[in-house]
Amino acid sequence: MGALPARNLPSEAAAPVPGRAVSVIVPLYNTARFIAQALASIRSQTVPVAEIIVVDDGSTDGGPEIVAAAAGVTLVRKPHSGIGDTVNAGVAIARGDLIAFLDADDRWLPDKTALQIAALDRDPALAMIFGHGRRFLDTGAEERVIDVRPAVSRCSGLFRRESFVAAGRFGTGEAHEFMSWMLAAGEAGLRYEILPEIVFERRIHETNHGIDHKDDQRRGYFTTLKAALDRRRLRSGSPLQGDS
């Protein structure tokens, strides 16, 4: 798989490049400490990706400068507006026919793209493919594995570009923007599978969202679920069972 040619950020999205070209979108927000590891894990894929797009969501640390000095990475900078806007900005300019994501404080395992491209090739009806994730605690002094579990998440997935045409953009202003998108994908009839292999590692550390904002995430879960139920009710023209 050849890399896409180097380019400056265009004013509008370039034409998609067909033929198993993977575009990776990395949202960045005040994670300078980890971004080099994230980029290294993308570059270490046994089947190389075509382009890496880092979208900085208004960081105030040195993360964007680290990315700007990295060869072969497109850096997009924008004011802080949240994860939904940030990943949408990357999808809008991605040129590969396959789209993947990695948070700036997480890591991929080396065979992620190889395993997932093979799975999509085996079943053209699949819109996306996921894998297992390994969570680990990073104390700064050591890393300790917490668990391994099936992971239906942005960072564990590989998505056909058409998925974002069928299911739409990620929601903005939502604590669970990916769950909302997956609900929309289900409503659009998009199919997926989960590979048994571990494809990415989720870092748990003192400043990441999963620790700092648990209450916000719980509230966001119910807000997202209610929005999906409301969409279904509007399409059907009648209340869902159990609605008053």
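What you find for Gly82 and Thr86 is that their closest heavy atoms are O-OG1, 2.7 Å. Contact detail for Ala32 and Ile66: the closest heavy-atom pair is O-CD1, 3.5 Å. The shortest heavy-atom contact between Ala21 and Ala50 is CB-CB, 3.8 Å. Minimum interatomic distance between Val67 and Leu75 (heavy atoms only, all atoms of both residues): CG1-CD1, 3.9 Å. In this structure, Gly131 and Val199 approach most closely via the heavy-atom pair CA-CG2, 3.9 Å. Summarising the geometry of Ser44 relative to Pro110, their closest heavy-atom pair is O-CB, 3.8 Å, with the distance given to 0.1 Å.
Contact annotation: the side chain of Leu190 never approaches that of Glu162 to less than 4.5 Å [non-hydrogen atoms, C-beta and beyond]. Contact annotation: the side chain of Met128 approaches that of Met182 to within less than 4.5 Å [non-hydrogen atoms, C-beta and beyond]. Taking the side chain as every heavy atom from C-beta outward, Ile99 and Ser23 approach each other to under 4.5 Å. Here the side chains of Glu201 and Asp138 are not in contact, with every heavy-atom distance at 4.5 Å or above. In this structure, His132 and Ile194 have side chains that are in contact, with non-hydrogen atoms separated by less than 4.5 Å. A 4.5 Å side-chain heavy-atom check between Ser153 and Arg202 finds every atom pair outside the cut-off. Contact annotation: the side chain of Leu98 never approaches that of Gln116 to less than 4.5 Å [non-hydrogen atoms, C-beta and beyond]. Counting heavy atoms from C-beta on, the side chains of Leu137 and Glu143 never come closer than 4.5 Å.
The backbone N or O of Arg107 sits nowhere less than 3.5 Å from a side-chain atom of Arg203 that would complete a donor-acceptor pair. Under the 3.5 Å distance criterion, the side-chain polar atoms of Thr139 are matched with a main-chain donor or acceptor of Ala141. In this structure a side-chain-to-backbone donor-acceptor pair under 3.5 Å is present from Arg161 to Ala94. Using modelled atom types, one side-chain atom of Trp181 and one backbone atom of Gly168 make a donor-acceptor pair closer than 3.5 Å.
Environment of CZ in Phe136: crowded, with over 12 heavy atoms of neighbouring residues, nucleotides or ligands closer than 6.0 Å.
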Decide yes or no on side-chain contact (heavy atoms from CB on, under 4.5 Å) for Asp111 and Glu197, but give the supporting numbers first.
-> CA-CA 9 Å; Asp111 287 333; Glu197 292 89 356; over 6 Å; no
side-chain contact (heavy atoms from CB on, under 4.5 Å) between Val22 and Gln45: does it pass, once the steps are laid out?
-> CA-CA 11 Å; Val22 179; Gln45 293 300 295; over 6 Å; no
Test log, rule salt bridge (charged side-chain N to carboxylate O under 4.0 Å, His left out), inputs Asp57 and Lys78 = CA-CA 6 Å; Asp57 188 28; Lys78 68 178 190 60; 2.5 Å; yes
Determine, step by step, whether Thr113 and Leu158 satisfy the side-chain contact (heavy atoms from CB on, under 4.5 Å) criterion, reporting the C-alpha distance in whole Å, the side-chain angles of both residues, the deciding distance to 0.1 Å, and the verdict.
-> CA-CA 8 Å; Thr113 55; Leu158 183 64; 5.6 Å; no
Show your reasoning for whether side-chain contact (heavy atoms from CB on, under 4.5 Å) applies to Val49 and Trp108.
-> CA-CA 12 Å; Val49 306; Trp108 280 356; 4.1 Å; yes
Step-by-step salt bridge (charged side-chain N to carboxylate O under 4.0 Å, His left out) determination, Asp97 to Arg160 | CA-CA 6 Å; Asp97 62 328; Arg160 298 191 197 273; over 6 Å; no
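Val26 pairs with exactly one of Ile42, Asp103, Ile53, Thr31 by the side-chain contact (heavy atoms from CB on, under 4.5 Å) rule, that one being Ile42. Applying the ring pair (Phe, Tyr, Trp, His ring centres under 6.0 Å) test between Phe101 and each of Phe170, Phe178, Phe200 identifies Phe170 as the sole match.
Interatomic distance, Glu177 CD to Asn88 CG, rounded to the nearest 0.5 Å: 9.0 Å. Distance check: Asn30 CG to Asp105 CG gives 11.5 Å after rounding to the nearest 0.5 Å. The line from CZ of Arg77 to CG of Leu28 is 9.0 Å long, rounded to the nearest 0.5 Å. In this structure, CZ in Arg149 is found 12.0 Å from OG in Ser156, a value given to the nearest 0.5 Å.
Cluster annotation: Leu109 and Leu39 are assigned to distinct hydrophobic clusters (Ile/Leu/Val/Met/Phe/Trp/Tyr, side-chain heavy-atom contacts under 4.5 Å, transitive). By the rule that hydrophobic residues join a cluster once side-chain heavy atoms approach within less than 4.5 Å of another member, Ile198 and Ile129 end up as members of separate clusters.
The aromatic rings of Phe34 and His205 sit tilted relative to each other, their planes meeting at an angle between 30° and 60°. Ring orientation note: the planes of Tyr29 and His80 are close to parallel, at an angle under 30° on the 30°/60° scale. Phe159 and Phe164 have tilted rings, their planes meeting at an angle from 30° to 60° on a 0 to 90° scale.
For the residue pair Thr172/Asp85, the side-chain donor-acceptor check at 3.5 Å is not satisfied.
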